[in-house]
> 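Have a look at this one.
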Amino acid sequence: MSRAGTIILFGILIILTPFSGLPVSIRTFLTVVFGVCVIGIGIAIRSRDAKRAKPLVESTPPQDISPI
């Protein structure tokens, strides 16, 4: 499953958690866990895009400087 699809799935789970009929403590825990997962995937996507957009700069020594 792609990262975008996973974010959609976690979003749906976050929406449905209050209506699950589970005790409040478990609902709160699940909401926090699903939210942390969404944040983690969002950070991973953002860092991947930042690495792709970063231009590759080759470090070549200057040619006009005398070695002496």
Side-chain angles (χ1 to χ4, degrees):
M1 183 179 285
S2 69
R3 288 183 175 133
T6 307
I7 287 181
I8 292 170
L9 176 66
F10 280 125
I12 291 170
L13 290 173
I14 289 171
I15 291 170
L16 294 178
T17 300
F19 307 107
S20 65
L22 296 170
V24 175
S25 60
I26 294 175
R27 283 187 286 175
T28 304
F29 175 76
L30 288 176
T31 303
V32 170
V33 169
F34 295 150
V36 168
C37 290
V38 169
I39 291 170
I41 294 169
I43 290 171
I45 290 172
R46 189 168 179 108
S47 67
R48 182 188 63 181
D49 291 345
K51 286 180 184 177
R52 285 185 181 175
K54 188 175 182 180
L56 297 175
V57 178
E58 295 182 21
S59 60
T60 57
Q63 300 297 326
D64 59 343
I65 298 177
S66 174
I68 299 177

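Keep in mind that this is a model prediction, so the values were computed, not measured.
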> Give the cluster check for Leu22 versus Ile14: same hydrophobic cluster or not, with ILVMFWY residues linked at side-chain heavy-atom distances below 4.5 Å.
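Both belong to a single hydrophobic cluster.
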> Would you compute the distance between atom OG of Ser20 and atom CD1 of Ile26 and round it to the nearest 0.5 angstrom?
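Going from the OG atom of Ser20 to the CD1 atom of Ile26 covers 8.5 Å.
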> Show every ring-ring contact (aromatic ring centres under 6.0 Å, His included) that has at least one partner inside residues 8-49, sequence neighbours left out.
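Matches after skipping sequence neighbours: Phe10-Phe34.
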> Would you mind writing out the side-chain donor-acceptor pairs for residues 1-9 within the sub-3.5 Å range, not counting sequence neighbours?
residue, atom, partner, partner atom, Å
Ser2, OG, Gly5, N, 3.1
Thr6, OG1, Ser2, O, 2.8

> Through direct or indirect side-chain contacts below 4.5 angstrom among Ile, Leu, Val, Met, Phe, Trp and Tyr, which residues connect to Ile39?
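Ile39 shares its hydrophobic cluster with Ile43.
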> Is there a donor-acceptor contact under 3.5 Å from the side chain of Arg27 to the main chain of Thr17?
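No; judged by distance alone, with no hydrogens or angles, the pair does not exist.
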